[in-house]
Amino acid sequence: MGLLTVLKKMREKERELRLLVLGLDNAGKTTLLKRFNGEDVATTSPTLGFNIKTLEHRGFKLNVWDVGGQRSLRSYWRNYFESTDGLLWVVDSGDRQRLQLAATELHGLLREERLAGATLLVFANKQDLPGALSAGDIREALALDAIRSHPWCIQGCSAVTGHNLLGGIDWLLDDISSRLCPPD
Ligand code: G3D
Ligand code: MG
């Protein structure tokens, strides 16, 4: 292999990112990924196990892992942590009853050593639902301001309408790429 080919391969590798999508079951993780990928979102069934999708966005190759969020599957989440660049934590903004549980699970994840280098994007999903809590309310309920260990951002969105999905993902990619490829 010539030097140029090696360099090209290295550059391609740098633009390949690993994103992990987590959250409680029913938060809208699978719908969000489908919408982002331009697929039909009318038929989404609960994720048993995981889906892996490879998406292209802004010249990045995104390997996205969508792991089921049911209680029985949560102990398996840790199997997917290795070399994660970005963590997308998805919250159902209409599910007030399980917000505390979502907060506990999220803060537990952030203590995992293998997620230490990851950027966190919280999606306050289902903003289209009447009575949904705002991104500000979710920020408070999840105690995001207490997070010092990871760069983070919260974005209100709707996976069903697609509202604000791109804005969130763009922030995530900007943050990851500024860490991985700092400007000269
Ligand atoms: P999960 O992968 O996190 O478990 P799913 O969640 O993507 O399977 O979505 C769970 C349910 O929430 C689905 O409804 C889905 O249509 C709905 N949902 C996901 N995102 C949104 C959203 O932004 N707004 C609204 N209103 N609903 C959303 P069903 O009825 O199929 O269970
Ligand atoms: Mg799912």
Side-chain angles (χ1 to χ4, degrees), residues 17-55 57 62-82 84-110 112 115 118-144 150 152-173:
L17 301 179
R18 188 170 144 128
L19 306 181
L20 185 59
V21 184
L22 292 175
L24 302 183
D25 51 293
N26 205 49
K29 303 177 290 297
T30 304
T31 309
L32 196 145
L33 277 180
K34 281 184 156 180
R35 163 65 66 184
F36 184 62
N37 202 27
E39 294 170 43
D40 179 16
V41 297
T43 54
T44 304
S45 42
T47 308
L48 305 170
F50 60 88
N51 302 313
I52 312 169
K53 274 196 200 318
T54 302
L55 313 174
H57 183 59
L62 308 177
N63 297 312
V64 187
W65 293 66
D66 166 22
V67 184
Q70 293 93 328
R71 179 184 286 275
S72 57
L73 296 175
R74 280 179 223 150
S75 57
Y76 295 104
W77 282 356
R78 58 181 57 237
N79 297 335
Y80 302 92
F81 292 166
E82 215 64 67
T84 295
D85 300 301
L87 173 64
L88 279 85
W89 181 259
V90 186
V91 182
D92 176 347
S93 307
D95 185 1
R96 292 163 193 252
Q97 288 187 337
R98 292 202 302 165
L99 262 186
Q100 189 50 53
L101 178 60
T104 308
E105 294 282 355
L106 172 62
H107 285 272
L109 274 181
L110 297 179
E112 291 278 350
L115 287 178
T119 298
L120 169 68
L121 169 64
V122 178
F123 268 129
N125 190 33
K126 308 200 187 182
Q127 287 298 313
D128 59 292
L129 285 181
L133 291 169
S134 68
D137 294 337
I138 302 280
R139 172 180 178 156
E140 204 169 303
L142 296 187
L144 298 184
H150 298 67
W152 63 268
C153 173
I154 182 163
Q155 175 80 68
C157 74
S158 166
V160 162
T161 67
H163 184 62
N164 273 346
L165 291 190
L166 277 182
I169 302 276
D170 281 338
W171 175 83
L172 184 69
L173 296 183

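Numbering starts at 1 and runs along the sequence shown. Just so you know, ligand 1 is whichever comes first in the structure, and atom 1 is the first atom listed for that ligand.
Closer than 4.0 Å to atom 18 (N) of ligand 1 lies at least one heavy atom of the protein. Protein heavy atoms are absent from the 4.0 Å sphere centred on atom 30 (O) of ligand 1.
Which of Arg35, His163, Lys29 comes nearest to atom 1 (P) of ligand 1 through a heavy atom is settled by distance: it is Lys29. When the heavy atoms of Thr31, Asp92, Leu165 are ranked by distance to atom 7 (O) of ligand 1, first place goes to Thr31. Of the candidates Gln127, Lys34, Lys126, it is Lys126 that places a heavy atom closest to atom 12 (O) of ligand 1.
Of the possible polar contacts, one joining the Lys29 side chain to the Leu24 backbone as a donor-acceptor pair under 3.5 Å is found. Judged purely by atom type and a 3.5 angstrom limit, Asn125 has no side-chain atom pairing as donor or acceptor with the backbone of Asp92. Of the possible donor and acceptor atoms, one in the side chain of Asp95 sits under 3.5 Å from a partner among the backbone N and O of Arg98.
Using a 4.5 Å heavy-atom threshold, the side chains of Val21 and Leu32 count as separate. Taking 4.5 Å as the limit, some side-chain heavy atom of Val64 sits within range of a side-chain heavy atom of Leu55. In this structure the side chain of Gln127 never reaches within 4.5 angstrom of the side chain of Gln155, judged on heavy atoms. Side-chain contact between Leu144 and Trp152 is present, with at least one heavy-atom pair separated by less than 4.5 Å. Contact annotation: the side chain of Val91 approaches that of Val122 to within less than 4.5 Å [non-hydrogen atoms, C-beta and beyond]. Residues Leu173 and His57 are in side-chain contact: their nearest non-hydrogen atoms beyond the backbone lie under 4.5 Å apart.
Applying the 4.0 Å criterion to heavy atoms of Leu129 picks out, from ligand 1, the atoms 26 (N). Against a heavy-atom cut-off of under 4.0 Å, Asp25 is close to the following atoms of ligand 1: 4 (O).
Residues Thr30 and Asp66 bring a donor and an acceptor atom of their side chains to less than 3.5 Å of each other.
Put simply, CZ on Phe36 and CG on Leu88 are 9.0 Å apart, with the number rounded to the nearest 0.5 Å. The CD atom of Glu82 sits 11.5 Å away from atom CG of Leu20, with the distance rounded to the nearest 0.5 Å.
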Start with the C-alpha gap between Lys126 and Val90, add the side-chain angles, then the distance that decides, and say whether side-chain contact (heavy atoms from CB on, under 4.5 Å) holds.
CA-CA 10 Å; Lys126 308 200 187 182; Val90 186; over 6 Å; no

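Looking at atom 23 (O) of ligand 1, its nearest protein heavy atom turns out to be Ala159 N, 2.9 Å. Of the protein's heavy atoms, Val160 CG2, 3.7 Å lies nearest to atom 27 (N) of ligand 1. Of the protein's non-hydrogen atoms, Gly28 N, 3.1 Å is the one closest to atom 6 (O) of ligand 1. Looking from atom 2 (O) of ligand 1 to the surrounding protein, the closest heavy atom is Thr30 OG1, 2.9 Å. Protein heavy atom nearest atom 24 (N) of ligand 1, with residue, atom name and distance: Asp128 OD1, 2.7 Å. The protein heavy atom nearest to atom 8 (O) of ligand 1 is Thr44 CG2, 3.4 Å. Nearest protein neighbour of atom 10 (C) of ligand 1, counting heavy atoms only, is Asn26 OD1, 3.0 Å. When hydrogens are left out, the protein atom nearest atom 20 (N) of ligand 1 is Asn125 ND2, 3.2 Å; that is the closest non-hydrogen contact.
Using bins of under 30°, 30° to 60° and over 60° for the plane-to-plane angle, the ring pair Trp89/Trp77 lands in the perpendicular bin.
Protein N/O/S atoms closer than 2.8 Å to the Mg ion (ligand 2), listed by chain and residue number, are Thr30 OG1, Thr47 OG1.
Residue Ala27 has at least one nitrogen or oxygen atom sitting less than 3.5 Å from a nitrogen or oxygen atom of ligand 1, judged on distance alone.
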